[in-house]
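Data first, discussion second: the structure below is written as structure tokens.
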There are 2 protein chains.
Amino acid sequence: MHDPRYAALRALLIAERERAGLTQVDIAGRMGKPQSYVSKYERGERRLDLVEFLDVSKALGADPLATVKKLFERIA
Amino acid sequence: MHDPRYAALRALLIAERERAGLTQVDIAGRMGKPQSYVSKYERGERRLDLVEFLDVSKALGADPLATVKKLFERIA
DNA sequence: GCGGGATATCCCATATCGGGTTATTCTCGA
DNA sequence: TCGAGAATAACCCGATATGGGATATCCCGC
């Protein structure tokens, strides 16, 4: 988890949320999760598996595949 | 974890490995992990986050993005 | 400063992980 | 059909991570 690639992933998720003009509470609400859930994965206190990542991307209003592509281009 | 999408993910990873003609021991070796690691994620006893998925895809000799695309087409 | 909204922290019972070891199951040649 | 190996599953169990409600902080505009 101290693998620098996780930092890139978090940065991307945070950037996507801000670009969408949404708060952690907004995203949490859309996913039926507490705000601490969003806070945690954005700060790397918790990981997201592939399925969760898909759900988060959707909640962010982003294109999941395009988001993954962006990430892989940065860390692959 | 009883979300059916996880089953689709596992099926895909197993199919990719078999298509590549590799064993769990082969993949585990390439990743510097024990065979039980591969056995676990293939049976859903353990989840893979995005970074781990990337590493697994590479070990499988598959194109990570293409693999994600295939998965999202099936479960998104 | 003050009121709120936004985000970070806490707590802690429960669930998951790591990985070496062992048990099962599968494959196939003789 | 039998047995040797290969391949995969299951086990153990201490170490870590997770869930989420509650609370504390931080950050602004006014």
Side-chain angles (χ1 to χ4, degrees), chain A residues 1-62 64 67-68 70-71 74-76, chain B residues 1-62 64 67-68 70-71 74-76:
Chain A
M1 56 174 160
H2 44 69
D3 182 317
R5 295 178 295 178
Y6 287 104
L9 169 56
R10 278 158 24 206
L12 183 57
L13 290 174
I14 293 173
E16 283 293 322
R17 179 170 62 77
E18 296 182 333
R19 185 189 52 62
L22 298 168
T23 68
Q24 293 185 344
V25 172
D26 293 329
I27 301 303
R30 293 184 179 190
M31 312 208 321
K33 297 272 187 179
Q35 170 266 331
S36 56
Y37 171 84
V38 178
S39 174
K40 283 177 179 175
Y41 75 64
E42 286 195 350
R43 285 178 300 109
E45 193 185 304
R46 185 194 184 292
R47 300 184 188 190
L48 292 177
D49 64 37
L50 209 42
V51 172
E52 292 177 313
F53 174 86
L54 176 62
D55 290 336
V56 168
S57 291
K58 288 180 178 174
L60 289 171
T67 306
V68 171
K70 209 175 289 183
L71 176 68
R74 297 177 187 174
I75 72 177
Chain B
M1 51 178 157
H2 42 70
D3 182 317
R5 295 178 296 177
Y6 287 104
L9 169 55
R10 284 185 276 139
L12 182 57
L13 290 174
I14 292 173
E16 283 294 321
R17 179 170 62 75
E18 296 182 333
R19 184 191 50 62
L22 298 168
T23 68
Q24 292 185 343
V25 171
D26 293 329
I27 302 303
R30 292 184 179 190
M31 312 205 341
K33 298 270 189 180
Q35 169 266 334
S36 57
Y37 171 83
V38 178
S39 173
K40 283 178 179 175
Y41 75 63
E42 286 195 350
R43 284 177 302 111
E45 194 183 305
R46 184 193 185 294
R47 301 183 188 191
L48 292 178
D49 62 38
L50 209 42
V51 172
E52 294 176 314
F53 175 86
L54 176 61
D55 290 336
V56 169
S57 291
K58 288 180 177 174
L60 288 171
T67 306
V68 171
K70 209 176 287 184
L71 176 68
R74 297 177 188 176
I75 72 177

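Below, chain A is the first sequence line, B the second, and so on; all start at residue 1. Everything numeric here is computed off the predicted structure, so don't read it as measured data.
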remark   = All heavy atoms of B/Leu12 vs all of B/Arg74, minimum pair found to be CD1-NH1, 3.6 Å
request  = Show your reasoning for whether side-chain contact (heavy atoms from CB on, under 4.5 Å) applies to A/Leu48 and A/Tyr37.
outcome  = CA-CA 10 Å; A/Leu48 292 177; A/Tyr37 171 84; 3.5 Å; yes
message = Rounded at 0.5 Å granularity, tell me how far CD in A/Glu42 sits from CG in A/Leu9.
response = 10.5 Å
Interatomic distance where CG belongs to B/Asp49 and P belongs to C/dT16 [whole Å] = 16 Å
query = Between residues 22-30 of chain B and DNA chain C, which residues have a heavy-atom gap below 4.0 Å?
reply = none
note = Between CD of A/Glu52 and P of D/dA17 the distance, given in whole Å, is 15 Å
N/O (side chain, B/Arg17) to phosphate O (OP1/OP2, D/dA7) under 4.0 Å = no
ask   = In Å and rounded to the nearest 0.5 Å, what is the CZ to CG distance from A/Arg30 to A/Asp55?
value = 13.0 Å
query = How long is the line joining CZ of B/Arg46 and P of D/dT16, in whole Å?
reply = 15 Å
Divergence of helical axes at both termini of the helix from C/dG1-D/dC30 to C/dA30-D/dT1 - five pairs an end, 10° steps = 40°
remark   = d(B/Ile75 CD1, B/Asp3 CG) to nearest 0.5 Å is 7.5 Å
message = If I take atom CG in residue B/Leu48 and atom P in nucleotide C/dT16, what distance separates them, rounded to the nearest angstrom?
response = 15 Å
message = Consider salt bridge (Lys or Arg N to Asp or Glu O under 4.0 Å). Of A/Lys33, A/Lys58, A/Arg47, A/Arg46, which one does A/Glu52 pass it with?
response = A/Arg46
ask   = Which distance, rounded to the nearest 0.5 Å, do you find between the CZ of A/Arg17 and the CD1 of A/Ile27?
value = 7.0 Å
Working for side-chain contact (heavy atoms from CB on, under 4.5 Å), residues B/Leu54 and A/Leu71 = CA-CA 10 Å; B/Leu54 176 61; A/Leu71 176 68; over 6 Å; no
ask   = Can you list the steps and then say if B/Asp49 with A/Leu50 is a side-chain contact (heavy atoms from CB on, under 4.5 Å)?
value = CA-CA 5 Å; B/Asp49 62 38; A/Leu50 209 42; over 6 Å; no
ask   = Rounded to the nearest 0.5 Å, what separation is found between the CD atom of B/Glu45 and the CZ atom of B/Arg10?
value = 10.5 Å
message = Quick check on contacts: within residues 32-45 of chain A, what sits under 4.0 Å from DNA chain D by heavy-atom distance?
response = A/Pro34, A/Ser36, A/Lys40, A/Glu45
query = Tell me: NE2 of A/His2 to P of D/dT16, nearest whole Å?
reply = 11 Å
query = What's the shortest heavy-atom distance between A/Gly21 and A/Asp26, and which atoms?
reply = O-OD2, 4.5 Å
